[in-house]
S.K.: 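This is the structure I want to talk about, given as structure tokens.
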Amino acid sequence: MMQNYTLPETIEARPADKPWRILIVDDEENIRNVLAEFLKLDGHVAETAACGSDALRMIRDAEYDIIISDIILPDVNGIEMIREVHQDLPSVILILITGMPTIETATTALRTGVHDYLCKPITHSAISRAVSNAIRMKTLADRNTALERENERYRDWLEEMVRQKTEKLQLSMRQMTNLRSALDRTQILVVTDNTYRIRYANARFCQLVGMSRSKLTGRDWFGIVADVHDDLLVMDIQEKTGSGKIWEGMISGRSRDGRRWWTETAIVPFVGPDGHHMQNIIIQTDTTDIIESRERIRALAYTDSMTGLPNRTRFCEMITGEAEHAADYGGFAVAILDLDGFKSFNEAYGREIGDATLLEFVTRVQSAIGKHTLARLGSDQFGVLLRTPTSEKDALGFAGRLQSIFIKPFVINDHEYHITACNGIALFPQHGETPEELLQNASLALDLAKGEGHCHFSIYRNRMHQLALSRISLENELRQALANEEFELFYQPKIEVLSGRLVGAEALLRWRKPGVGLVPPSEFIPYAEESGLIIKIGRWVLEEACQQISAWKNRGLPECIISVNVSARQFRHPNIITYVMTALTVSNIDAGLLELEITENVLMNGIGTTLETLNSLHDLGVRLSIDDFGTGYSSLAYLKDFPVQVLKIDRSFISNIGRDERDSNITRGIISLARNLNLRVLAEGVETKHQIEFLREEGCDEIQGYWYSPPLSAADFFRKYAQDEQ
């Protein structure tokens, strides 16, 4: 005679009073100690290891419930260590921490089996929350495992009970009543008749669906489980249980307050002594937390956390899906947007301003693209899936319209910032049929657009592969040129209009390439900007110009002010003041003999930081001038506050004097503006006598251009003006 089946009061895989034992793995002692103290305050047992090998040894010697590890360890990669631990101890809780978070690292970690992912610095509340969440998920999983074992024991008992065909139905019903009372204290339990009318539901089921027991009794179980309306699923359940077999699977529904829930469900049919299907016992395990966690992990793997946009992985899937239906409407296009100089922008203004600007940029782009899809491919790179273009003309027209979003400045915390973006486009199927081909070719088109300057766009051409190889080769040659001292400065004289005397010169960079000769800056400066080499090259130019001033002074050449162009990336560099001070100190020259030329577009980005940098340079005694004035985002409201001494009129206005009255009027206006602000004004690109006469009549202070002299080597400059003085 088989004994009655009984259930424990609670099904727990772990004693409630047993503390959780935690191992902290980090090569920084202060971080290990702080995390250990935090966890001990929460009642856990915390031990530490300084490297991966120590951690693996400790794990082999003792049992740990939780392992918290840094990604970067001195002797082993944190993720590889976690993989090894996960293979040997699949039940241990794994949490990764890092000081350099990226979405790729987070995705790799979570796919490896890590429960959570934290970024340094880590607060008490953050580590407590992460550990508590992990413990909750581990406890739930352990309870589910324990319940499955208990369910298996119950099913074995039930099958044995049916086989014995209990002689007395009254005794069987009394046993079922006792069993139902026991199960009411554990997992979700429902008892139905053979037509699935509810005869009994325990408190856990009532709580799950949000209905009282009295309202549930007599109702159709399928009708209560809202999502189970698939006729095939209903037929499968009824057919299997009707033949005396147990049905197992996932059931989903919604409570009366709309909350979605999921349960692992086992439906056990009960057959009476006469062999007929009498009733069903439905045992359910609430897996809602586990399912929702999986959904969050999926969102992390496919969504950019900051902007909420699809990430590169999801974008590639969308391209694949679009390609499958492209024949219905004739094709589509993929565009890549890359923000110009955004790394320097972040370095200059900080991550907070950078992130706020990115979010505003996303808002503007989404408003401009309408039904098309925007994705974030990298820190400052975005992808657009253009679903309707069928020709190059359509795609380029769209790209041109997209540039209009950069006309207005981005206003962050009452300060204006100007950013632009270049755009590269590839068409399906002409330029590729897979996401990899389309993105690669759009990226090549983007490189060409960036080579033409800010805010340009381009469409893919077959020759771009060769151009890409040339660009890589050029970047390598530039690095070698810097190391081999192949750069050289030429100097173009600046002449005072009224006296005709030399007052200064502009230092102009040239590359004397072996076997080629002099290479103009327009052919290599854009690539230096893109690769970041402009910082080292610009510092060399600054130091070389100051050394030349000192050398000329020592050789008796009358003092003249030498101006050096400063790129946007240089100006935003946090060490720009240090670089200037070092160049002046090493060359031992008066700071007033050095002039820095900065374009107005650079000056108008982030007025607060710009003014701080300009004032620091002015305090050093360095002269400051605004280059290419009139061609950028000028604002007179800020111009009056800049501590500059010179406005340089762009050559595009000077070249049209006498041919275009509008350019003549703009030139007059700039000269008048400079005079009213007590600034000197210099016209560059002067090549004709008529231009000189016009500028002299309007009161221009200085002139620079081929009418007087082309750029000269340092030796030729000295010979010419040393002789003039004699």
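Keep in mind the model is a prediction, meaning the values are calculated, not measured.
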S.K.: Taking Glu687's backbone N and O only, do any of them form a donor-acceptor pair with Gln691's side chain (distance below 3.5 Å, no angle check)?
M.R.: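 Present.
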S.K.: Near Glu352 CD, under 6.0 Å, is it more than 12 heavy atoms from other residues, nucleotides or ligands?
M.R.: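 Atom CD in Glu352 is not packed in, count stays at 12 or less.
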S.K.: Run Val334 and Leu385 through side chain to side chain contact (heavy atoms under 4.5 Å, CB included) and show every step you take.
M.R.: CA-CA 5 Å; Val334 172; Leu385 180 58; 4.2 Å; yes
S.K.: Ignoring hydrogens and geometry beyond distance, is a side-chain donor-acceptor pair present between Gln570 and Asn565 at under 3.5 Å?
M.R.: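 Looking only at side-chain atoms, Asn565 and Gln570 do not form any donor-acceptor pair under 3.5 Å.
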S.K.: Taking side chain as C-beta onward, heavy atoms only, is Leu489 less than 4.5 Å from Leu509?
M.R.: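 The answer is yes, as the side chains (C-beta and beyond) meet within the 4.5 Å cut-off.
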S.K.: Under 6.0 Å from the CD atom of Glu485, do we count more than 12 heavy atoms belonging to anything else shown?
M.R.: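 Result for CD/Glu485: open.
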S.K.: Can a salt bridge be assigned to the pair Lys513 and Glu486 using a cut-off of 4.0 Å between side-chain N and carboxylate O?
M.R.: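 No, Lys513 and Glu486 are not salt-bridged.
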S.K.: Show, in sequence, the C-alpha distance, side-chain angles and deciding distance for Ser625 and Arg680, and conclude whether the side chain to side chain donor-acceptor pair (under 3.5 Å) test is met.
M.R.: CA-CA 9 Å; Ser625 68; Arg680 292 182 67 81; over 6 Å; no
S.K.: Are side-chain heavy atoms of Phe457 and Leu337 found at a separation under 4.5 Å?
M.R.: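 A side-chain contact is absent here, since even the closest heavy-atom pair is not under 4.5 Å.
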S.K.: What do you reckon, are the aromatic ring centroids of Tyr721 and Trp552 less than 6.0 Å apart?
M.R.: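 So the answer is no for these two rings.
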S.K.: Passes side chain to side chain donor-acceptor pair (under 3.5 Å), Ser567 versus Arg572? Steps please.
M.R.: CA-CA 9 Å; Ser567 72; Arg572 302 301 177 201; over 6 Å; no
S.K.: Find the distance between CZ (Arg696) and NZ (Lys689) and round it off to the nearest 0.5 Å.
M.R.: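 Those atoms lie 9.0 Å apart.
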S.K.: Enter the distance from Leu593:CG to Gln548:CD here, rounded to the nearest 0.5 Å.
M.R.: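 Between Leu593 CG and Gln548 CD, I get 13.0 Å after rounding to 0.5 Å.
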S.K.: Hey, are the side chains of Met581 and Ile577 touching, using non-hydrogen atoms and a 4.5 Å cut-off?
M.R.: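 A side-chain contact under 4.5 Å exists here.
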S.K.: Using every non-hydrogen atom in the two residues, find where Lys371 and Arg387 come nearest and quote the distance to one decimal.
M.R.: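 Distance-wise, the nearest heavy atoms are O-NH1, 3.7 Å.
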S.K.: Hey, does Arg569 have a side-chain heavy atom less than 4.5 Å from the side chain of Lys343?
M.R.: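 A side-chain contact exists here, since the closest heavy-atom pair is under 4.5 Å.
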S.K.: Got a sec: does the CG of Asn554 have more than 12 other heavy atoms crowding it under 6.0 Å?
M.R.: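 Atom CG in Asn554 is packed in, count exceeds 12.
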S.K.: Under a 4.0 Å threshold between the charged nitrogen and the carboxylate oxygen, would Glu496 count as salt-bridged to Arg501?
M.R.: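 Counted as a salt bridge, because a side-chain N and a carboxylate O are separated by less than 4.0 Å.
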S.K.: Can you tell me which residue among Glu597, Glu684, Glu702 is in a salt bridge (charged side-chain N to carboxylate O under 4.0 Å, His left out) with Lys494?
M.R.: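 Per the salt bridge (charged side-chain N to carboxylate O under 4.0 Å, His left out) rule, the option paired with Lys494 is Glu597, out of Glu597, Glu684, Glu702.
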S.K.: Side chain of Thr585, backbone of Thr582: donor and acceptor closer than 3.5 Å?
M.R.: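 It does not hold such a pair.
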S.K.: Counting distance only, does the side-chain N/O of Ser367 pair as donor-acceptor with the main-chain N or O of Arg364 below 3.5 Å?
M.R.: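 Between the backbone of Arg364 and the side chain of Ser367 there is no qualifying donor-acceptor contact (under 3.5 Å).
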S.K.: At their closest point, which heavy atom of Ser379 faces which heavy atom of Arg376, and how far apart are they?
M.R.: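 Scanning both residues, the minimum pair turns out to be O-NH2, 2.8 Å.
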S.K.: Between His618 (side chain) and Val644 (backbone), is there a donor-acceptor pair under 3.5 Å?
M.R.: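 Answer holds: no.
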S.K.: Using ring-ring contact (aromatic ring centres under 6.0 Å, His included) as the criterion, point out the one residue from Tyr417, Phe342, Phe410 that pairs with Tyr349.
M.R.: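 Exactly one candidate clears the test, Tyr417.
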S.K.: So, does Asp660 use its side chain to make a donor-acceptor pair with the main chain of Arg662 at under 3.5 Å?
M.R.: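 Yes, because the side chain of Asp660 sits within donor-acceptor range (under 3.5 Å) of the backbone of Arg662.
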S.K.: Closest heavy-atom contact between Asn346 and Gly354?
M.R.: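 So the two residues come closest at OD1-CA, 3.2 Å.
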S.K.: Does Trp511 reach the side chain of Glu477, with side-chain heavy atoms less than 4.5 Å apart?
M.R.: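 Yes. Closest side-chain heavy atoms under 4.5 Å.
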S.K.: Short question: side chain of Thr357, backbone of Ile353 - any donor-acceptor pair under 3.5 Å?
M.R.: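 Present.
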S.K.: Does CG in Asn615 sit with more than 12 non-hydrogen atoms of other residues, nucleotides or ligands closer than 6.0 Å?
M.R.: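 Correct, the count exceeds 12.
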S.K.: Verify, without hydrogens or angle tests, whether Asp590 (side chain) and Gly592 (backbone) share a donor-acceptor contact under 3.5 angstrom.
M.R.: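 Judged by distance alone, yes, a pair lies under 3.5 Å.
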S.K.: Spell out, as yes or no, whether a donor-acceptor pair under 3.5 Å connects the side chain of Asp663 to the backbone of Ile657.
M.R.: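 Side chain of Asp663 to backbone of Ile657: no pair is present.
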S.K.: Go through it in stages, so that I can follow the logic: the residues are Leu594 and Leu542, the test is side chain to side chain contact (heavy atoms under 4.5 Å, CB included), and I'd like the CA-CA distance, side-chain angles, deciding distance and then a yes or no.
M.R.: CA-CA 9 Å; Leu594 175 64; Leu542 183 65; 3.9 Å; yes
S.K.: Under a 4.0 Å N-O cut-off, is there an ion pair linking Arg668 with Glu697?
M.R.: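 Not counted as a salt bridge, because no side-chain N and carboxylate O are separated by less than 4.0 Å.
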S.K.: Could you go through the side chain to side chain donor-acceptor pair (under 3.5 Å) check for Thr420 and Asp340 one step at a time?
M.R.: CA-CA 6 Å; Thr420 56; Asp340 298 320; 2.5 Å; yes
S.K.: Is there a side-chain contact between Leu682 and Asp701, using heavy atoms and a 4.5 Å cut-off?
M.R.: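 When only atoms from C-beta onward are counted, Asp701 and Leu682 do not touch, as no gap falls below 4.5 Å.
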S.K.: Would you check if Leu502 and Ile495 make a side-chain contact, meaning some heavy-atom pair closer than 4.5 Å?
M.R.: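 Side chain of Leu502 against side chain of Ile495, heavy atoms only: contact under 4.5 Å found.
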S.K.: Would you indicate whether the side-chain heavy atoms of Asp394 and Leu386 approach each other to under 4.5 Å?
M.R.: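 Counting from C-beta outward, Leu386 and Asp394 never come under 4.5 Å.
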S.K.: Do the side chain of Gln492 and the main chain of Pro710 share a donor and acceptor less than 3.5 angstrom apart?
M.R.: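 No.
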S.K.: Can Tyr460 and Leu444 be said to form a side chain to side chain contact (heavy atoms under 4.5 Å, CB included), step by step?
M.R.: CA-CA 7 Å; Tyr460 174 75; Leu444 289 173; 4.0 Å; yes
S.K.: If you look at every heavy atom in Arg675 and Glu698, which pair is closest and at what distance?
M.R.: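 For Arg675 and Glu698, the tightest heavy-atom pair comes out as NH2-O, 2.9 Å.
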S.K.: Between Ser550 (side chain only) and Cys546 (backbone N and O only), is there a donor and an acceptor less than 3.5 Å apart?
M.R.: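 Flag not set: sc Ser550 to bb Cys546 has no pair under 3.5 Å.
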S.K.: Could you report the tightest heavy-atom contact between Ala683 and Cys700, atom names first, then the distance?
M.R.: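 Shortest heavy-atom contact: N-SG, 3.9 Å.
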S.K.: Might you point out which heavy atoms bring Tyr491 and Ala545 nearest each other, and give the distance in Å?
M.R.: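 Shortest heavy-atom separation between Tyr491 and Ala545 comes out as OH-CA, 4.1 Å.
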S.K.: How long is the span from the CD1 atom in Ile459 to the CG atom in Asn423, to the nearest 0.5 Å?
M.R.: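 The distance works out to 10.0 Å.
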S.K.: Dump the intermediate steps for side chain to side chain contact (heavy atoms under 4.5 Å, CB included) on Phe487 and Val541, then the final yes or no.
M.R.: CA-CA 9 Å; Phe487 291 115; Val541 170; over 6 Å; no
